[in-house]
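Chain letters run A, B, ... following the sequence lines, proteins first and then strands; every chain starts at 1. Nothing here was measured: the structure is a model prediction, and the numbers come from that model. Only heavy atoms go into these numbers, but all of them, side chains included; no hydrogens, no water, no symmetry mates.
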2 protein chains.
Amino acid sequence: MSYEIAPAICPPRRVLMGPGPSDISPRVLSAMAAPTVGHLDPYFLKIMDELQEMLRQVFRTRNQLTLAISGTGSDGMEACVFNLIEPGDKMLVCVNGVFGGRMAEVGRRAGAEVVTIEKPFGEIFTASEVESALKEHQPKLIGIVHAETSTGALQPLEEIAKLAHDHNALILADMVTSLGGLPVEVDEWGIDAVYSGTQKCLSCPPGLAPVTFSPRAVEVMDQRKEPVRSWYVDLSLIRNYWGGSRAYHHTAPINMNYGLHEALRIVLQEGLEARFARHQKNHEALKAGLAAIGIDYAVAEENSLPMLNAVKIPEGVDDKAVRAQLLNQFGIEIGAGLGPMAGKTWRIGLMGEASREANVLSFLAALEQCLAKQGHTLTAGASIAAANKVYAG
Amino acid sequence: MSYEIAPAICPPRRVLMGPGPSDISPRVLSAMAAPTVGHLDPYFLKIMDELQEMLRQVFRTRNQLTLAISGTGSDGMEACVFNLIEPGDKMLVCVNGVFGGRMAEVGRRAGAEVVTIEKPFGEIFTASEVESALKEHQPKLIGIVHAETSTGALQPLEEIAKLAHDHNALILADMVTSLGGLPVEVDEWGIDAVYSGTQKCLSCPPGLAPVTFSPRAVEVMDQRKEPVRSWYVDLSLIRNYWGGSRAYHHTAPINMNYGLHEALRIVLQEGLEARFARHQKNHEALKAGLAAIGIDYAVAEENSLPMLNAVKIPEGVDDKAVRAQLLNQFGIEIGAGLGPMAGKTWRIGLMGEASREANVLSFLAALEQCLAKQGHTLTAGASIAAANKVYAG
């Protein structure tokens, strides 16, 4: 018998400046290649404890129930919604992008009676808009996206969390893109449930979903009448593996957890404040550089995410041709627009390890070349000059 | 602000002879540490195509819908059940171990009307027992475990698959532990849906679940009236990312897929027949060695899995003390019993990379020392002599 065997893995060199995955530190890749141990090995149980403790620091929470779900960020979304919702529960979802829409869909699959409030892609919700909806619908759970990866918009949460509690609702926040890149204050803001991903500002490959749940959320889970619809993300079982009796649930992705462990070490070694400042500075330099060659943001300046820059593709410029040239000639990946923004925007990520001065400058230089090829009028070098001015200031 | 930062990953040296994860080839660990690329990068799309093609060879199928779910084996189980079952559907599950029980539970969570037939742990089902149940219940789907990791029993499937089709049922098989270690003939046997895991005989770290679906199963999915209960494992969406329009669904765990890619290359380079023969030979040597020091199997000889040896703990021997000594003194991990077999059996894995002559011999030598310490009567060196005789034969 003969087989068709593919050639060995040998990825091209890329700079990951899309919506995630972001660039990964060699330290994280190296940790992932450490020898696998068993999922009940005392060594791995210690790693799990350390992961929980480091995740609490990054989430800025004391929540006991803080761990990494064994799937990607979307599985973390499902874990949060499925564990908090029972069929017939009312769930309010704020939809201003793809991921709010996804949360509503997951709510429906969990059997919730989902009501949505909607805003055009790129806009955010005011506290009073959310308050009206809370008053009208009296939901058990409100779901909202902190950093909309599809639009680049940042949604303030503190006031909305207070309103949710005033109306006896739990609040669930999508922090996939914000965690590790801009301030996240789970306890201070009073967020009851959060899911994130590893492949954005934590700069670990995709594959795990950090989650955290407030004591209030845990109480709601403990009072469930029906089992969680998914066995795989049933936290009443998973939490006995991450703590308590250490009862086997599923075989944890050992090496992915090694990678997240090293990624969190890097985040905490840098320090959250320094990390947030770095993301902010590189965002400002990129923004100045883009402005200098006539590229506008797709979201209002005050709502723009530092780690994900959604910008308008200039009139007459071919979306796909530019992204292909960036990838093939320079090895730079940026993201296409999603949903109604497809073909109209680019999403330029400056997440985690990718948020570097060198990346901002080489991207701007490469983009100038691509835009010139497309006949877009610009002053050569203007973007670099503007970005360097920000760095110098 | 100061942080509590855990020390870097530095796992102890282990020989993984439990129920999985198994030992991982340095080639696979090294592939996992290759630089991450984007989930829509042309290079990664090529890797996905190659993965599908290599998985088809290992599953021995031409099924178009063959891919790796972005979660562990249990998530693969959920993917299969959730996509084939709609609320109210009748599902028959054959339960003779923990994983049959889990499949029944997942069926209930999917909204199925689950009926089970049961056998004591370690026994298997005859075709006529299954036929009676098919006649009586007329299920839409029958679920059965090919290789019960909890008991070490091998369930023949070919005749049962024919019976399932005779009764207009689809057949779903758990091949988590068998794939890559003993003959699996998805097409020839007529299995409609299969899930497996990466961390058993494929010797890749845990984190992905290879699945395959027959055209019949796909037709059933296409005719669903309700959406799949889990968005994360909804194959109507996932298959557009693994093929077709390459539409974004979730961010694939890139580096885990690199690892599986290299693991499958290793499997196919060895060749399936050679691999099965190796697993069988090492099993026979282990069995002979254990017999020589008075250790019996917990399952009948003709049903015993080559890659997972469930054996009875001798009278008066302390289960935990022996496993701890094996781990701490020799770095050898074996598995405890699960469910009703807890405390009564050990599960000795010889899976993938761990199925090696050197492992069999060093394990037997170490076990002799542990048993002697426990006061178990044995002729020193007898296990090694017996195992070597098998290798010499």
Side-chain angles (χ1 to χ4, degrees), chain A residues 1 3-6 8-9 11-14 16 18 20-21 24 29-39 41 43 50 53-54 57 70-75 78 105-106 109 197 199 205-207 227 229-232 250-256 258 261-262 265 268-269 271-273 333, chain B residues 1 3-6 8-9 11-14 16 18 20-21 24 29-39 41 43 50 53-54 57 70-75 78 105-106 109 197 199 205-207 227 229-232 250-256 258 261-262 265 268-269 271-273 333:
Chain A
M1 181 132 211
Y3 300 97
E4 275 187 53
I5 304 174
I9 291 289
R13 194 158 177 83
R14 302 291 193 218
L16 299 181
I24 311 297
L29 293 173
S30 171
M32 285 186 59
T36 308
V37 298
H39 55 291
D41 192 301
Y43 179 75
E50 291 171 357
E53 193 40 49
M54 290 195 287
Q57 294 177 65
S70 301
T72 68
S74 297
D75 206 23
E78 210 157 89
E105 177 61 24
V106 168
R109 304 232 185 169
Q199 77 277 15
R229 275 206 172 175
S230 157
W231 183 91
Y232 188 63
H250 65 280
T251 304
I254 307 296
N255 296 60
M256 279 304 312
Y258 288 171
H261 188 275
E262 187 61 21
R265 279 170 34 80
L268 297 176
Q269 281 168 349
L272 292 173
E273 300 75 11
E333 177 183 88
Chain B
M1 181 133 211
Y3 300 97
E4 275 187 53
I5 304 173
I9 291 289
R13 194 158 178 82
R14 302 292 194 217
L16 299 181
I24 311 297
L29 293 173
S30 172
M32 285 186 58
T36 308
V37 298
H39 55 289
D41 193 300
Y43 179 75
E50 292 171 357
E53 194 40 49
M54 289 195 288
Q57 294 176 65
S70 301
T72 68
S74 297
D75 205 23
E78 211 157 88
E105 177 60 25
V106 168
R109 306 236 182 165
Q199 77 276 14
R229 276 207 172 174
S230 158
W231 182 92
Y232 187 63
H250 65 280
T251 304
I254 307 297
N255 296 61
M256 278 304 314
Y258 288 170
H261 188 274
E262 186 61 20
R265 280 170 33 81
L268 297 176
Q269 282 168 348
L272 292 173
E273 301 74 11
E333 178 183 86

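- Listed options B/G18, B/P12, B/S30 were ranked by heavy-atom pairs under 4.5 angstrom with chain A; first place goes to B/P12.
- Contacts of A/E273 with chain B are made by both backbone and side-chain atoms, with heavy-atom separations under 4.5 Å.
- Here A/G38 is the residue among A/A34, A/G197, A/A31, A/G38 with the most heavy-atom pairs under 4.5 Å with chain B.
- For B/R229 (side chain) and A/S230 (main-chain N/O), no donor-acceptor pair under 3.5 Å exists by modelled atom type.
- Counting heavy-atom pairs closer than 4.5 Å to chain B, the top-ranked of the candidates A/E50, A/H39, A/Q57 is A/Q57.
- The two residues B/G271 and A/Y3 have their closest heavy-atom pair at CA-CE1, 3.6 Å.
- Contacts with chain B were tallied for A/S74, A/G207, A/G73; A/S74 has the most, counting heavy-atom pairs under 4.5 Å.
- Contact count versus chain B (heavy atoms, under 4.5 Å) is highest, among A/E53, A/E105, A/R13, A/Q269, for A/Q269.
- Annotation for B/T36 and A/P205: closest pair OG1-CG, 3.8 Å, computed over non-hydrogen atoms.
- Looking at A/I9, the atoms closer than 4.5 Å to chain B (heavy atoms on both sides) sit in the backbone and in the side chain alike.
- The two atoms that bring A/P35 and B/L29 nearest to each other are CA-CD1, 4.0 Å, heavy atoms only.
- The main-chain N or O of B/V37 is never found under 3.5 Å from a side-chain atom of A/E333 such that the two would form a donor-acceptor pair.
- Counting heavy-atom pairs closer than 4.5 Å to chain A, the top residue among B/I24, B/D75, B/I254 is B/D75.
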- Query: Given the rule in the side chain to side chain contact (heavy atoms under 4.5 Å, CB included) test, do B/N255 and A/N255 qualify, once you have shown the distances and angles that lead to the verdict?
  - Reply: CA-CA 10 Å; B/N255 296 61; A/N255 296 60; over 6 Å; no

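- Both the backbone and the side chain of B/L268 have a heavy atom closer than 4.5 Å to some heavy atom of chain A.
- If you measure heavy-atom distances from B/H261 to chain A, the contacts under 4.5 Å come from the side chain alone.
- Heavy-atom distances place the side chain of B/E78, and not its backbone, under 4.5 Å from chain A.
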- Under the side chain to side chain contact (heavy atoms under 4.5 Å, CB included) criterion, do A/Y232 and B/T72 qualify, and how do the steps go? CA-CA 9 Å; A/Y232 188 63; B/T72 68; 3.3 Å; yes

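- Per-residue heavy-atom pair counts under 4.5 Å with chain A were compared for B/G71, B/P227, B/A8, and the maximum is reached by B/A8.
- The residue among A/M256, A/M32, A/E4, A/M54 with the most heavy atom pairs within less than 4.5 Å of chain B is A/E4.
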